[in-house]
Every structure is written in structure tokens, then in C-alpha cells.
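Worksheet: one structure, shown below.
Fair warning: this is a prediction, and the values are worked out from it, not measured in the lab. Numbers here simply count residues along the sequence, with the first being 1. In listed order, ligands and their atoms are each counted from 1.
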Amino acid sequence: MILVSACLLGLDCRYDGSALQADRRVTGIIDEVMIPVCPEQMGGLPTPRLPSEITEGDGNDVLDGISGVVNSAGLDVTVEFLKGARVALSIARIAGVTRAIMKERSPSCGVVHITRNRESIPGMGVAAALLKRAGIQVVSSDRIIEDYVRYHRHWK
Ligand code: SF4
């Protein structure tokens, strides 16, 4: 079993409420049971919701209490982000999951990059950082997509 950001699997949990189609570049390469998690929804935030950003540093700084998360209206949503990260970790532990594929550039799920002021910057989202600290191998959705593209180019 593997944990996967729910929006990659086609669940309409993105901040703007849009329903993405399941990303076949992710689902097509994973040959095991996928458990969808959306840390922002599980933290109690509605869908649709305003986009949020980590104010300083990255998710690790939020976990350490030296940064926070605010939405585009300036409302502090740090508590919700922390709660969602903890729920995602609880689900991972209940399921005995050791790996997770997380959506890149999200303030919750980003593995290598998050977004600040609409720019992609290096850093981890809050949930991805917590899962990694718990010993779960956290893999970027970009990495999976690159592998998929490389594999299919090779076998064409
Ligand atoms: S990136 Fe993560 S928090 Fe954002 S919609 Fe997808 S699963 Fe939810």
C-alpha cells in the first residue's frame, strides 16, 4: 500500500474545488493499493477554499513552531495544516504505509518545492515534512511523472 495525495487520484479536493482527472502518469505506474489523503481537507478546511502559503521557510519550520500558514485573505490556518498533517500520518501508520507520493508545490504536500508569491521555491509542505520525519519515504509527484515519461519513451 502507498499513500497518495488525493488530488493526483482525481478527487476534487484542490483549493479551487476543481476536479482534476486522475493523473494517469501517476496511477499508471503504481502497481499497488493507493490510499488517498488530502491533508488540507482532513485538517478541516473546506473545498473550495482560499489558497494558502507558508509564511517563512517551509513545512519543517511550521512543525517547529517558527513559521505558520496563512490564506490569501490573511487568515492564519496553521492549526488546520498541522491537524491535516497529523491525520495523514495517523492513516499511514494504521495502514502500515512506508511510502507516499505527494503533489509537488503544495504547502501541504510539496516534497521538493512549495509555492510562495506564486513562485516555486525549494522546500517541503507541512504534511510531507511530518511524514518524512516519521520515517516514511516521501516521493515527489514530479519524480513519478518523470519516471513514467522516461519509461514510455524508452518502450515506444
Ligand atoms: S496537494 Fe495535497 S492538500 Fe492540496 S489538494 Fe492535493 S492532496 Fe489536498
Side-chain angles (χ1 to χ4, degrees), residues 1-30 32-55 57-63 67-73 75-95 97-134 136-148:
M1 281 190 281
I2 188 165
L3 216 65
V4 184
S5 292
C7 57
L8 294 172
L9 300 180
L11 278 74
D12 54 347
C13 52
R14 296 181 74 234
Y15 74 93
D16 59 3
S18 66
L20 294 178
Q21 286 197 328
D23 194 326
R24 303 297 301 172
R25 297 168 300 178
V26 173
T27 58
I29 208 167
I30 305 299
E32 54 192 299
V33 174
M34 293 177 268
I35 302 173
V37 291
C38 177
E40 292 175 27
Q41 282 194 337
M42 296 188 305
L45 294 171
T47 303
R49 56 189 172 277
L50 294 173
S52 300
E53 291 185 354
I54 296 169
T55 54
D58 74 352
N60 284 293
D61 299 300
V62 178
L63 294 177
S67 184
V69 188
V70 296
N71 69 19
S72 58
L75 184 71
D76 190 322
V77 288
T78 307
V79 168
E80 288 84 355
F81 269 67
L82 287 170
K83 180 182 174 191
R86 291 188 193 112
V87 174
L89 177 57
S90 295
I91 292 170
R93 284 185 167 145
I94 289 167
V97 163
T98 57
R99 291 181 299 141
I101 299 170
M102 306 294 279
K103 177 75 174 71
E104 200 55 88
R105 287 171 289 281
S106 152
S108 288
C109 296
V111 177
V112 181
H113 289 99
I114 56 174
T115 303
R116 183 172 298 129
N117 300 324
R118 301 186 180 196
E119 302 265 327
S120 179
I121 61 169
M124 298 191 83
V126 180
L130 185 64
L131 291 170
K132 186 178 179 192
R133 285 186 182 192
I136 292 170
Q137 182 190 4
V138 184
V139 180
S140 164
S141 56
D142 283 358
R143 177 58 214 286
I144 297 296
I145 290 167
E146 282 166 17
D147 286 352
Y148 178 91

| With Arg105, which residues qualify under side-chain hydrogen bond (donor to acceptor under 3.5 Å, both in side chains), at least two apart? |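 Testing Arg105 for side-chain hydrogen bond (donor to acceptor under 3.5 Å, both in side chains), a comparison that skips the adjacent residues, returns Asp142.
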
| message | Using side-chain heavy atoms (C-beta onward) and a distance below 4.5 Å, is Asn71 in contact with Arg49? | response |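 No, too far: nothing below the 4.5 Å cut-off.
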
| Is there a side-chain contact between Ile91 and Met42 (heavy atoms, below 4.5 Å)? |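 When only atoms from C-beta onward are counted, Met42 and Ile91 do touch, with a gap below 4.5 Å.
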
| query | Name the residues in contact with ligand 1, where contact means a heavy atom under 4.0 Å away: which are they? | reply |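 Ser5, Ala6, Cys7, Cys13, Arg14, Val37, Cys38, Pro39, Glu40, Arg49, Lys103, Ser106, Ser108, Cys109.
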
| Just by distance, do the side chain of Ser5 and the backbone of Cys7 share a donor-acceptor pair under 3.5 Å? |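 Here the side-chain-to-backbone pair does not exist.
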
| field | side chain to side chain donor-acceptor pair (under 3.5 Å) contacts in which one or both residues fall within residues 78-92, not counting sequence neighbours | value |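 Checked against side chain to side chain donor-acceptor pair (under 3.5 Å) - neighbours excluded - the pairs reaching residues 78-92 are Asp76-Thr78.
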
| task | Output all residues satisfying salt bridge (Lys or Arg N to Asp or Glu O under 4.0 Å) with Glu32, sequence neighbours left out; order by chain, then residue number. | result |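 Result, salt bridge (Lys or Arg N to Asp or Glu O under 4.0 Å) vs Glu32: Arg99.
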
